[in-house]
Amino acid sequence: AFPVMQFGSRDDEAFELISKILQFLVQEILRRQNKDWNKGVYHPSVELYRSSLHGILSIEFATPTQESAEECEGKIIKICKTLRDEWVKDDELWAMQTHLHDAYVWAFRDGSTDLSERIIEAATNNDEELRQLTTYLGRLRRVGKKSIQRVANEYLTPERYLRVIIRPSS
């Protein structure tokens with residue numbers, strides 16, 4: 001996990017894009033490219049949790065052995081280094097921007113609980129006027145490769161990396 005900026009910071013959309021890109025890459029590298037079922041990776045996920053007080057980017061997975069866990073952790077660290085050192089690929093950026101755009105638009109069209117959750121998140125995090133919510137798509141469109149790399153270099157660093165291992169009792 002990496003501590004990140006709180007809700008309502010200037011880099012909200014860049015970090016949302018980073019979390020979606022990480023989700024895709026973690027799923028691709030840890031799950032789909034893993035052909036050794038004895039080192040299987042289960043339920044890889046990337047979650048971005050933010051409030052007006054704190055934020056955390058959590059990267060989680062389950063695997064049967066300590067050796068496999070260390071190997072997967074190394075791959076995740078390498079993915080983060082790549083995001084710091086190289087431009088994100090055009091197709092990955094476009095796909096994740098489209099995904100976030102469509103999820104936002106769908107929330108308004110569908111009138112779903114997702115819209116209610118977005119409104120509650122904004123209102124409970126010092127955005128009672130819903131400015132962050134109503135200007136989201138414009139800010140999302142402005143996020144480019146340079147912003148993603150800058151934010152990755154600020155937050156996805158070895159110094160900020162937190163590691164938690166949960167093991168079953170013997």
Side-chain angles (χ1 to χ4, degrees), residues 1-31 33 41 43-61 69-104 107 114 117-166:
F2 296 91
V4 297
M5 81 289 281
Q6 69 274 13
F7 178 88
S9 72
R10 72 182 183 105
D11 292 319
D12 277 357
E13 293 71 30
F15 227 98
E16 283 188 55
L17 283 164
I18 286 172
S19 72
K20 294 300 179 194
I21 291 166
L22 277 170
Q23 176 67 45
F24 170 76
L25 294 174
V26 165
Q27 181 76 21
E28 179 65 25
I29 291 169
L30 295 190
R31 187 80 172 122
Q33 290 182 8
V41 175
H43 310 293
S45 69
V46 176
E47 299 293 334
L48 181 59
Y49 304 101
R50 291 175 300 143
S51 73
S52 59
L53 302 175
H54 62 81
I56 190 131
L57 176 72
S58 171
I59 305 168
E60 304 166 5
F61 62 90
E70 290 170 2
E71 185 179 321
C72 291
E73 180 182 31
K75 290 177 181 181
I76 290 168
I77 290 169
K78 186 177 178 182
I79 292 168
C80 292
K81 182 175 181 351
T82 300
L83 285 172
R84 291 192 315 267
D85 295 345
E86 300 173 17
W87 294 114
V88 66
K89 294 177 183 175
D90 289 332
D91 58 336
E92 290 171 3
L93 178 59
W94 178 84
M96 298 311 134
Q97 280 179 319
T98 300
H99 173 77
L100 289 171
H101 172 276
D102 291 352
Y104 177 88
D114 184 47
E117 289 172 6
R118 287 172 186 260
I119 291 169
I120 291 167
E121 180 183 44
T124 59
N125 284 295
N126 301 321
D127 186 21
E128 293 88 359
E129 301 293 321
L130 304 180
R131 287 189 183 101
Q132 289 288 101
L133 183 64
T134 58
T135 61
Y136 177 78
L137 289 180
R139 291 190 326 275
L140 179 64
R141 280 191 292 272
R142 289 191 294 275
V143 177
K145 295 177 179 185
K146 190 175 185 178
S147 297
I148 288 174
Q149 190 175 43
R150 177 183 52 75
V151 171
N153 273 295
E154 185 173 347
Y155 292 97
L156 302 183
T157 64
E159 300 79 31
R160 296 179 68 86
Y161 176 67
L162 304 170
R163 177 184 192 211
V164 176
I165 297 175
I166 301 171

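Quick note: numbers below take in every heavy atom, side chains included, and nothing from hydrogens, waters or symmetry partners.
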[X] [atom1] to [Y] [atom2] distance, which is reported to the nearest 0.5 Å:
{"X": "Leu17", "Y": "Leu22", "atom1": "CG", "atom2": "CG", "answer": "11.0 Å"}
{"X": "Lys145", "Y": "Leu83", "atom1": "NZ", "atom2": "CG", "answer": "12.5 Å"}
{"X": "Arg163", "Y": "Ile59", "atom1": "CZ", "atom2": "CD1", "answer": "13.5 Å"}
{"X": "Glu92", "Y": "Phe24", "atom1": "CD", "atom2": "CZ", "answer": "5.5 Å"}
{"X": "Glu154", "Y": "Asp11", "atom1": "CD", "atom2": "CG", "answer": "6.5 Å"}
{"X": "Leu25", "Y": "Leu30", "atom1": "CG", "atom2": "CG", "answer": "10.0 Å"}

Side-chain touch [X]/[Y], heavy atoms, less than 4.5 angstrom:
{"X": "Lys89", "Y": "Trp94", "answer": "no"}
{"X": "Cys80", "Y": "Tyr161", "answer": "no"}
{"X": "Ile56", "Y": "Leu162", "answer": "yes"}
{"X": "Met5", "Y": "Val151", "answer": "yes"}

Grab the two heavy atoms, one from [X] and one from [Y], that are nearest each other, plus how far apart they are.
{"X": "Ser52", "Y": "Asn125", "value": "N-OD1, 2.5 Å"}
{"X": "Thr157", "Y": "Arg84", "value": "CA-NH1, 4.0 Å"}
{"X": "Ala14", "Y": "Ile148", "value": "O-CG1, 4.5 Å"}
{"X": "Tyr104", "Y": "Thr134", "value": "OH-CA, 3.9 Å"}
{"X": "Phe61", "Y": "Glu73", "value": "CZ-N, 4.1 Å"}
{"X": "Leu130", "Y": "Ala123", "value": "CD2-N, 4.4 Å"}

Kindly say whether [Y] contributes a backbone atom to a donor-acceptor pair with the side chain of [X] at under 3.5 angstrom?
{"X": "Gln6", "Y": "Arg50", "result": "no"}
{"X": "Asp127", "Y": "Gln132", "result": "yes"}
{"X": "Asp12", "Y": "Ser9", "result": "yes"}
{"X": "Arg118", "Y": "Leu133", "result": "no"}
{"X": "Gln97", "Y": "Leu140", "result": "yes"}
{"X": "Arg160", "Y": "Pro3", "result": "yes"}
{"X": "Gln23", "Y": "Val46", "result": "yes"}

Inset, instruction - Say whether Arg131 and Thr135, considering side chains only, have a donor N or O and an acceptor N or O under 3.5 Å apart. - result: no

Legend entry - Parallel, tilted or perpendicular: rings of Phe15 and Tyr155 (30°, 60°): perpendicular

Inset, instruction - Before accepting this row, confirm whether a basic side-chain N of the pair Lys20/Glu16 lies closer than 4.0 Å to the acidic partner's carboxylate O. - result: no

Legend entry - Lys78 atom NZ, over 12 foreign heavy atoms within 6.0 Å: no

